[in-house]
Structure formats: C-alpha cells, structure tokens
Amino acid sequence: MDHRTPSRAVRLMPLLPALVALAVTLAGIGGPSFWLDESATVSLAGRPVADMLRVFDDLDLVHAPYYLIMRPWAAVFGTGEVSLRLPSALATAAAAAGVAVLGRRCHGPLAGLLAGLAYAGGVTVSRYGQEARSYAMVAAAAVLASYLLVRAVQRDARRPWLWFAGYAPAVVLLGLLNLDAVLLVPAHAVTLLAARPGLARPGRVWAGWSAAVGVAALPLVPFGLAASGQKVQIDWLRTPTWHTVQKLPEFLASGRWLVAPVLALAVAGAVAGRRSRGTASLTALAMPWLVLPPAVLVLVSLVSDPMYTERYVFFCVPALALLTGAGLARLGTLARPAAGAAAVTAAVAVVAAVSVPEHVAIRKQDSRLDDFRAAAQAVRDHGRDGDAIVYLAGIARWGAAAYPGTFGRLRDIGQAQSPVRAENLKGRDLLPREIRGSLIRSQRVWVMRTRSIVTHQGDVVWRREQMVLTTGPWRVAGEWRFRGGMLTLLERTGPYRTST
C-alpha cells in the first residue's frame, strides 16, 4: 500500500506508542523524591512571574522558557511531585507518537510502530519523563523539528515552504528549551547532504531550509549570547574522559546490558533504513541526529570549557529508537511471516525483561542524587513548632525548597534574605557570627548539610558549624542520613554560658 494513502489503522497507529509511553511513564511517577534540579523548578514555578523574571538577570536564564511554561501549570495544579512531572510525561507521550510517525513516513508502518514502542518503553525515556525538568519537552521538540524537515523534503511535497515555515518556530522552541539541542540543526544539514541525490529540487530545499534556520537564529542568537554570560551555572561540569564516552551508549540504550542488543538492532536498522520512501531515508535522518550532537559537545568540552553531561543529549534518544525500530522490522522480514513475528516477539521480550529491573530502580524514592523527601519526612515526624534550622550553605536551603510545606515550619535563623527577595535560589546567608544570638535563644536546632556544599565554601561552612556547636550545651536528639545529605537535630540541655 502506498504510504501516502494510509489506512485508518495505519493513521491511528501512533496512538498506541503514545498510550504505552503515557502508561509506562505515569507508573510510579510520584515514587522518586524531588532532587536539587527539580527543587529549582518547585521554587521558581511557584513564584509570581514578576518575581521569577528578576531571577533571570543573573541566574538560570537558559531555563527561563521552561519555568515560564511551568508557571501557569503550577498555579493551577500545584507544585507536588506528580503535578510538576506530568508535563514531562505528556511530552514523552507526544514524542513517542512523533517517533512512530517519523518511522512510518521514512521506513513504513511496522518500523514506525516498533520505533514508537521502543521509545515508549525505554528506561532513560521514563527517567526524564518522570522529572520536573525540560528534557522530555526538548526531545519532543526535536522530534517535531525532524518531522517538519522530513515533510518539507519529500518528493511529492506541494508546498514545502509551509513545512519550513513550521520548522523555524520548532527550532526556536528547541533552542529555548535547551541551547545544546540546537546541534540538531547541523545534524539536519548532514541529513540534507545525504538525501541530496533523491531530492526533486535540491536547490529549492536548501534555500528553504537555510531561510528557516536564519529566521530561527533571530531570537536564538541573542538568547544564547545572554545565557553565555551565566557560565558559572555549569562550572560543576568536568572535562570528559574515556569513561564518559563509554557511559554514553549505556545512557542512550537505557542500561549496560541493553547496549549490545540495542546497538545490534540499530546497526541492522541503519543498513535497512538506507532506502528512501520518497523522502529523506531513516538512516540519513537518524544517524546524524544520534551521533553529531554528542560528538560535538564532547569535543568542545575537551578543548574548551566543559559543556557535556548525558542529560544534555537526551534529545538524541529518539534517533536511536528510530534505528532500533527499523532493525526490529528488518528482523521480522528475515524468514517466513510466522518465524519473523516470533523473532521480533523474542527480541522485544528479551529487551523488556532486561529493562524491568532498571524501570523498578529508577522509581525508588532514593533513585536520584538527592532524597529530600526523606529529609522532609524526618522534619515532619520529629519537628516541633518553633524549631530553628541552620542550613550550612545556601544550596541546602535550595534543596529544602522542594518541600516548602514541611521545611517552612522551621525558623530559618541563618537567612538574611529569602530566595524570593534575594532573586535567586539560595537566598542570602547571615555571617556565622550573626546567628549567635538566635542560636542562644533556641531550644531545638536542626542542622542540614548536602552533597552540593562545595569545597570552596568550606571555611564559612566550618565556621557556621562551629558557631552552632559553641552555643550549646546541646545533645544530639536525632541524626538522619539521606541520599545527598544529612540532618541533625540538637536539643539544648542547659542555659548558654559564655566561655571564660
């Protein structure tokens, strides 16, 4: 059947991967605790827009569009774990449907269905579909931009300029959600080069694409220049090592034990996907998308300031799903229909079986770098009205913002300005000597430290800790270690006496 006149079943096919993706992502979505990055979403999405905008002059401009998207959502649905993660789950479902449509258009209905399902069931996909950050949306925007490109270059496109007119805002959305994802644009240039022999009017296609990219650059270039002035936000990144490169396939394939089978299927899909169905081939689209952005980020990070971490290239996972889907479809045609179906079923069953433990693991409460829910539970269970808290550094206050209803019960005696007034995420701290009086007057004091308290803060952190200890006498009423930090509860055992 001609792919241009699909049956009703083929047209509705992308709904299945979308529904599977939504079901898989929603399963256990509230299980993991908020971690530090999600705490930023809680803090900023919970502020009035005017207060939020003041933050971006010095901080987090690169994520500003995402926060602005999340602000009305949070105003309606709140800042709980499920509500703030739901937009990512919906974006994941949209991306799965888009991958299916791309696979169908480039390589046929079966490849499209299997590619969409491969994306929907991926552990890495679920990981970012269950996070209140922008990465699932970035992947969906990358799929959208790729679809519009494919439609614009197909041989029977009557008005390709309409598709390129849509491509420009899709690229803008992509870049506003994650500037690194703009590397999809040069990957698309490679796609056009690979597809050139099959293009009906290559000159017109290149002109349309170049014009669309030029239009997209008008807002993205100044946005990128403004965001580049806030490089301090990524000073935690480290220069990539050989180990970093080795871990990338595990990230993309969703686990160590899936690297071999997924890459084998992807290679088979790349070989099978070279033939075109009247447009850019699946291989010409997926291979540059999968390879170029990570390679560029790693190389730039080796010769300049580090810019690479795995989640920045999550938008490349749909490309691997496309190749995997084509590989599975090819596997189904190697023998008689019954044998082919059995081979595909067996391959999917093996991948699913290996994935299940990983799916379970990422849904555990302490599966992220920080388990602030455990810290909040300790305060909820053992805190009293009037208790004080000392955050040994402002970044611990940032983490506690994930659960404002709990930590908000405590008196933050080390705070000179709240994060809202300070127009940041950490607030402004009093000097250690300035909290002496409040400590002396306190009967119970919580002390919170987190993994993110960096070494160059060591002196002031040590002095703040010593100030707490020397304003006793105290007894340790409780100590709770949680992933990413520790909470200590001190109770006064007698009146403060000035040392002589």
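Sequential numbering from 1 along the given sequence is applied to the chain's residues. None of the values given here were measured: they were computed from a predicted structure.
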Please confirm whether the backbone N or O of [Y] pairs with a side-chain atom of [X], one donor and one acceptor, at under 3.5 Å?
{"X": "T124", "Y": "F251", "answer": "yes"}
{"X": "R54", "Y": "V49", "answer": "no"}
{"X": "D429", "Y": "G394", "answer": "yes"}
{"X": "Y119", "Y": "L320", "answer": "no"}
{"X": "R71", "Y": "A45", "answer": "yes"}
{"X": "T92", "Y": "A21", "answer": "no"}
{"X": "R409", "Y": "G383", "answer": "yes"}
{"X": "R363", "Y": "A27", "answer": "yes"}
{"X": "N424", "Y": "K426", "answer": "yes"}
{"X": "S355", "Y": "V351", "answer": "yes"}

Check the angle between the aromatic planes of [X] and [Y] and answer parallel, tilted or perpendicular using the 30° and 60° thresholds.
{"X": "F314", "Y": "Y128", "result": "tilted"}
{"X": "W73", "Y": "F77", "result": "tilted"}
{"X": "W236", "Y": "Y312", "result": "perpendicular"}
{"X": "Y67", "Y": "F56", "result": "parallel"}

Taking all non-hydrogen atoms of both residues into account, name the closest pair between [X] and [Y] and its distance.
{"X": "D370", "Y": "L36", "result": "OD2-N, 3.1 Å"}
{"X": "A140", "Y": "A91", "result": "CB-O, 3.7 Å"}
{"X": "M70", "Y": "L84", "result": "CE-O, 3.4 Å"}
{"X": "A378", "Y": "L487", "result": "CB-CD1, 4.3 Å"}
{"X": "L176", "Y": "L220", "result": "N-CD2, 3.8 Å"}
{"X": "G103", "Y": "L322", "result": "N-CD2, 3.6 Å"}

More than 12 non-hydrogen atoms from neighbouring residues, nucleotides or ligands closer than 6.0 Å to [atom1] on [X], yes or no?
{"X": "M287", "atom1": "CE", "answer": "no"}
{"X": "R463", "atom1": "CZ", "answer": "yes"}
{"X": "R380", "atom1": "CZ", "answer": "yes"}

Flag the pair R464 and D459 as a salt bridge only when some basic side-chain nitrogen lies within less than 4.0 angstrom of an acidic carboxylate oxygen. no

Do R373 and Q365 have a side chain donor and acceptor closer than 3.5 Å? yes

Given T493 and R475, is the side-chain hydrogen bond (donor to acceptor under 3.5 Å, both in side chains) satisfied, shown in steps? CA-CA 7 Å; T493 60; R475 76 174 184 91; over 6 Å; no

Is any side-chain heavy atom of [Y] closer than 4.5 Å to one of [X]?
{"X": "Y308", "Y": "V313", "answer": "yes"}
{"X": "K364", "Y": "P32", "answer": "no"}
{"X": "D412", "Y": "R397", "answer": "yes"}
{"X": "S146", "Y": "H188", "answer": "yes"}
{"X": "V445", "Y": "I389", "answer": "no"}
{"X": "Q466", "Y": "P432", "answer": "no"}
{"X": "R47", "Y": "P419", "answer": "yes"}
{"X": "E38", "Y": "E81", "answer": "no"}

Go through the steps for T488 and W480 under the test side chain to side chain contact (heavy atoms under 4.5 Å, CB included), then give the verdict. CA-CA 6 Å; T488 304; W480 297 268; over 6 Å; no

Atom [atom1] in [X], atom [atom2] in [Y]: separation rounded to 0.5 Å?
{"X": "L425", "Y": "L44", "atom1": "CG", "atom2": "CG", "result": "5.0 Å"}
{"X": "W446", "Y": "Y391", "atom1": "CH2", "atom2": "OH", "result": "11.0 Å"}
{"X": "L177", "Y": "H63", "atom1": "CG", "atom2": "NE2", "result": "10.5 Å"}
{"X": "R411", "Y": "D385", "atom1": "CZ", "atom2": "CG", "result": "11.0 Å"}
{"X": "R451", "Y": "L369", "atom1": "CZ", "atom2": "CG", "result": "4.5 Å"}
{"X": "L431", "Y": "M467", "atom1": "CG", "atom2": "CE", "result": "10.0 Å"}

Assess the residue pair E131 and R311 against the criterion (salt bridge (Lys or Arg N to Asp or Glu O under 4.0 Å)); give the C-alpha distance rounded to whole Å, side-chain angles, the decisive distance to 0.1 Å, and a yes or no. CA-CA 12 Å; E131 182 158 303; R311 59 182 178 270; 5.6 Å; no

Verify side chain to side chain contact (heavy atoms under 4.5 Å, CB included) between S88 and Q130, making sure each step is shown before the conclusion. CA-CA 6 Å; S88 292; Q130 294 185 336; over 6 Å; no

Report the C-alpha distance between R133 and T41 in whole Å, list the side-chain angles of each, state the deciding distance to 0.1 Å, and finish with yes or no for side-chain hydrogen bond (donor to acceptor under 3.5 Å, both in side chains). CA-CA 7 Å; R133 299 299 283 171; T41 304; 2.9 Å; yes

Pair S39-F372, side chain to side chain contact (heavy atoms under 4.5 Å, CB included): steps then yes or no: CA-CA 9 Å; S39 295; F372 292 128; 3.8 Å; yes

Y403 ring center near F34 ring center (under 6.0 Å): yes

Applying side chain to side chain contact (heavy atoms under 4.5 Å, CB included) to L53 and L68, what does each step give before you reach the verdict? CA-CA 9 Å; L53 292 176; L68 289 168; 4.2 Å; yes

Steps toward side-chain hydrogen bond (donor to acceptor under 3.5 Å, both in side chains) verdict (W257, E358): CA-CA 10 Å; W257 302 108; E358 297 293 333; 5.9 Å; no

Quick one: do D60 and Q230 satisfy side-chain hydrogen bond (donor to acceptor under 3.5 Å, both in side chains)? Show the steps, please. CA-CA 8 Å; D60 241 8; Q230 298 179 356; over 6 Å; no

